[in-house]
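Just the heavy atoms: all of them, side chains too, but no hydrogens, waters or symmetry mates, feed the values below.
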Amino acid sequence: MGLLDELKERILIADGAMGTLLYSHGIDRCFEELNLSNPDEIVHIHEAYIAAGADVIQTNTYGANYVKLARYGLEDEVPAINRAAVRLARQAANGRAYVLGTIGGLRTLNKSVVTLEEVKRTFREQLFVLLAEGVDGVLLETYYDLEELETVLAIARKETDLPIIAHVSLHEVGVLQDGTPLADALARLEALGADVVGLNCRLGPYHMLRSLEEVPLPKQAFLSAYPNASLPDYRDGRLVYETNAEYFEEAAKAFRDQGVRLIGGCCGTTPKHIEAMAKALADRTPVTEKTVKRRAVPVSVQAERSAPTPLPELARARRSVIVELDPPKKLGIDKFLAGAKALHDAGIDALTLADNSLATPRISNAAVATIVKERLGVRPLVHITCRDRNLIGLQSHLMGLHTLGITDVLAITGDPSKIGDFPGATSVYDVSSFDLIRLISQFNEGLSYSGKPLGQKTNFSIGAAFNPNVRHLDKAVERMEKKIQCGAHYFLTQPVYSEEKIVQIYEATKHLDTPIYIGIMPLVSARNAEFLHHEVPGITLSDEIRARMAACGDDPVQAAREGIAIAKTLIDAAFDLFNGIYLITPFLRYDMTVELVRYIHEKEAAAKERKVVHG
């Protein structure tokens with residue numbers, strides 16, 4: 001009788017955590033490598049779970065893939081480690097338990113760290129070794145990203161007829177991190193050919209049971225659950241799980257009532273937990289019917305507030321000018337407010353506020369944005385970097401901006417902290433700019449990153465960065481297209497200092513419907529020009545422009561005049577190609593930017609007058 005045949009008739013008990021026991025034994029290194037260097041330890045743990053009542057054990061291969069083993073310099077040992085793992089599990093089982101070949105998920109918070117192509121390549125390498133060694137089935141576990149799990153499940157189903165168990169992991173009760181309800185996700189996995197579908201990791205029994213209350217019994221597949229021992233506590237640099245084994249005895253009965261037929265444990269569980277579950281389910285009789293709780297889906301209500309026309313719509317309909325004015329590095333904002341007012345009076349559509357540009361601390365752009373919005377009536381466009389806030393802080397920041405009525409944001413990676421005033425500071429980068437754009441888009445659907453309802457839908461207009469100052473412009477455009485897929489509504493470019501480059505940008509992007517604001521920053525001196533050209537990533541100046549600035553010598557007035565003249569020629573080049581102009585103010589010299597704003601409006605008025613005359 002095979003694994004699936006047994007699941008038709010009775011509940012099976014699976015094993016618990018491998019890493020928890022190894023860690024408790026004082027081992028704090030690559031657990032999968034122990035298949036080669038300390039096989040007796042692995043066999044001993046397998047045997048302990050079988051003695052506790054496990055009918056199913058899994059190989060010690062959760063992280064035995066190229067990506068994770070590369071962290072230890074073991075990427076070339078993938079085949080050897082996986083082969084050894086199966087043989088050790090087989091040795092321990094000795095016909096007393098089924099052996100599942102385990103493959104863990106790669107993607108967590110930052111999906112962009114591992115591409116789907118890399119996922120496929122890594123997965124196939126591990127899968128083929130496990131299948132060749134003769135496992136009884138395949139366990140896909142700890143997949144937070146449904147796209148990743150569906151991708152690898154399709155590969156596994158094509159390669160084998162063995163039983164496949166597919167487990168998602170949740171941050172929130174009943175919903176995946178992309179907002180997909182658990183019941184829908186498991187149904188999709190069943191449709192792709194999974195024989196057993198369920199949950200593992202992250203949640204303890206209480207929250208995992210609450211999640212399963214909303215899941216009907218599958219039509220063909222079986223349900224499974226591998227809960228953590230509890231929520232972890234953090235003590236002296238270590239994660240500690242407190243739940244006692246007796247609690248799992250009662251939890252096992254509750255899992256049976258939810259239709260679960262394969263029950264094991266994940267982080268923090270030990271043979272004592274498995275023994276308790278085996279004791280509770282001694283008769284192993286499964287349920288064939290259950291009552292499903294229908295979760296009341298909170299209604300996401302758009303906040304009642306008047307919102308200005310989104311910037312991308314402005315850029316589609318008419319000439320649109322936005323200006324960047326960095327918040328001050330020192331306390332006191334009188335000069336900044338004077339500049340913001342002058343720019344507002346000149347007729348800008350929005351004031352963009354950098355998020356600690358060049359990794360240098362400045363007054364919070366959210367605070368400054370609120371002040372200019374309320375005192376001056378200026379529309380703020382707030383930059384948000386991935387550098388300074390972790391995923392918790394980013395979401396809190398977005399909720400705060402929404403609460404303040406700020407709807408325009410620019411999602412960017414952010415300059416690394418090592419180039420700023422505090423090179424020892426940590427750059428967070430929990431997410432990439434792509435992931436941040438997805439996150440903001442998800443907020444616009446009323447869902448947090450983990451899929452938890454926010455109670456309201458935000459209405460952020462999402463800007464993204466585009467750097468055309470690269471050797472291969474087509475690659476930069478591909479990044480644009482990917483950002484559009486993630487939810488970007490429009491783009492701001494890095495400063496451009498070449499009329500030819502502006503034409504190249506137009507030709508490379510004219511197939512896109514997404515508006516682009518061309519970045520133009522006036523130069524203030526020869527030194528400024530050389531610094532930008534040589535030391536600021538993403539900015540390149542032509543030899544001609546550098547020579548024009550050098551010819552001004554040390555005369556600041558002449559240099560500023562020349563910088564404005566250069567900027568006007570760039571505006572002329574962009575004028576008939578792009579509706580969006582993005583002016584970047586250097587060193588709080590808003591007088592220069594005001595002149596350029598007026599120049600743009602004068603050109604626009606002249607163009608309209610010519611149209612009327614010749615119309």
Side-chain angles (χ1 to χ4, degrees), residues 1-16 49-50 52-59 89-90 93-103 130-131 134-141 149 153-154 156-168 182-200 205 208-209 211-227 248-249 251-266 274-275 277-292:
M1 182 179 289
L3 174 63
L4 297 181
D5 293 324
E6 287 213 50
L7 286 174
K8 291 177 183 177
E9 305 296 331
R10 69 192 191 104
I11 295 171
L12 295 182
I13 304 298
D15 56 2
Y49 279 120
I50 294 171
D55 307 297
V56 179
I57 62 173
Q58 58 180 295
T59 55
R90 281 265 178 236
N94 194 25
R96 297 174 294 166
Y98 296 103
V99 174
L100 300 178
T102 298
I103 303 178
L130 295 173
L131 294 179
V135 292
D136 298 314
V138 177
L139 172 61
L140 310 176
E141 68 168 8
L149 180 52
L153 172 57
R157 187 72 291 166
K158 183 178 179 181
E159 297 294 338
T160 183
D161 293 326
L162 291 174
I164 299 176
I165 297 93
H167 281 172
V168 297
L182 175 61
D184 293 350
L186 297 187
R188 284 163 58 173
L189 297 174
E190 181 183 12
L192 283 171
D195 301 291
V196 182
V197 294
L199 296 163
N200 83 288
M208 198 169 281
L209 283 165
S211 299
L212 289 169
E213 288 174 351
E214 302 164 9
V215 177
L217 295 177
K219 296 177 181 178
Q220 301 295 330
F222 303 106
L223 286 179
S224 59
Y226 286 39
F248 263 61
E249 188 171 336
K253 298 174 185 177
F255 278 117
R256 175 177 59 187
D257 293 342
Q258 293 305 320
V260 173
R261 297 205 184 193
L262 178 63
I263 304 177
C266 203
I274 302 307
E275 183 178 16
M277 292 197 294
K279 176 183 176 183
L281 301 175
D283 62 4
R284 306 295 178 89
T285 304
V287 301
T288 55
E289 295 180 357
K290 67 177 285 191
T291 300
V292 178

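- In this structure the side chain of V56 never reaches within 4.5 angstrom of the side chain of D15, judged on heavy atoms.
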Test log, rule side chain to side chain contact (heavy atoms under 4.5 Å, CB included), inputs V215 and Q258: CA-CA 8 Å; V215 177; Q258 293 305 320; over 6 Å; no
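- The distance from the OH atom of Y49 to the CD atom of Q58 is 9.0 Å, given to the nearest 0.5 Å.
- Under a 3.5 Å cut-off, the side chain of R261 and the backbone N or O of E6 do not form any donor-acceptor pair.
- Counting only heavy atoms from C-beta outward, the side chains of V260 and F222 never approach each other to under 4.5 Å.
- Atom CE of M208 sits about 6.0 Å away from atom CZ of F255, to the nearest 0.5 Å.
- Contact between A251 and P205 at its shortest, heavy atoms only, is CB-CB, 3.8 Å.
- With N200 contributing its side chain and P227 its backbone, the two residues share no donor-acceptor pair below 3.5 Å.
- The backbone N or O of Q220 sits less than 3.5 Å from a side-chain atom of E190, completing a donor-acceptor pair.
- Under the 3.5 Å distance criterion, the side-chain polar atoms of R157 are matched with a main-chain donor or acceptor of T160.
- To the nearest 0.5 angstrom, I164 atom CD1 is 9.5 Å from I103 atom CD1.
- L149 is listed as a side-chain neighbour of L189, based on a closest heavy-atom distance under 4.5 Å.
- The two residues A89 and I57 come nearest to each other via the heavy atoms O-CD1, 3.6 Å.
- When all heavy atoms of V197 and A194 are compared, the pair lying nearest together is CG1-CB, 3.7 Å.
- Partner of D195 under the side chain to side chain contact (heavy atoms under 4.5 Å, CB included) criterion, chosen from P218, S224, P163: P163.
- Judged by distance alone, the side chain of E141 and the main-chain N or O of T102 form no donor-acceptor pair under 3.5 Å.
- Annotation: side chain of L262 is in contact with side chain of I165 (closest heavy-atom distance under 4.5 Å).
- Closest approach of Y226 and A14 over heavy atoms only: OH-CB, 3.0 Å.
- The CD atom of E213 sits 10.5 Å away from the CG atom of D257 when rounded to the nearest 0.5 Å.
- Two residues are said to be in side-chain contact when any heavy atoms from C-beta on lie closer than 4.5 Å; L3 and D136 fail this criterion.
- Of all heavy-atom pairs between K290 and L212, the closest is NZ-O, 2.8 Å.
- Look at R10 and D283 and you find no salt bridge, because none of the NZ, NE, NH1 or NH2 atoms lies under 4.0 Å from a carboxylate O.
- Shown here are the side-chain contact (heavy atoms from CB on, under 4.5 Å) partners of D161, two or more places apart in sequence or in another chain: there are none.
- For the atom pair L223 CG and L7 CG, the distance stands at 11.0 Å (nearest 0.5 Å).
- What you find for A280 and E249 is that their closest heavy atoms are CB-O, 3.1 Å.
- I13 contributes atom CD1, which lies 14.0 Å from atom CD1 of I50 (distance to the nearest 0.5 angstrom).
- Between H167 and L139 the shortest side-chain heavy-atom distance falls below 4.5 Å.
- Put simply, the side chain of T285 does not reach to within 4.5 Å of the side chain of I11, judged on heavy atoms.
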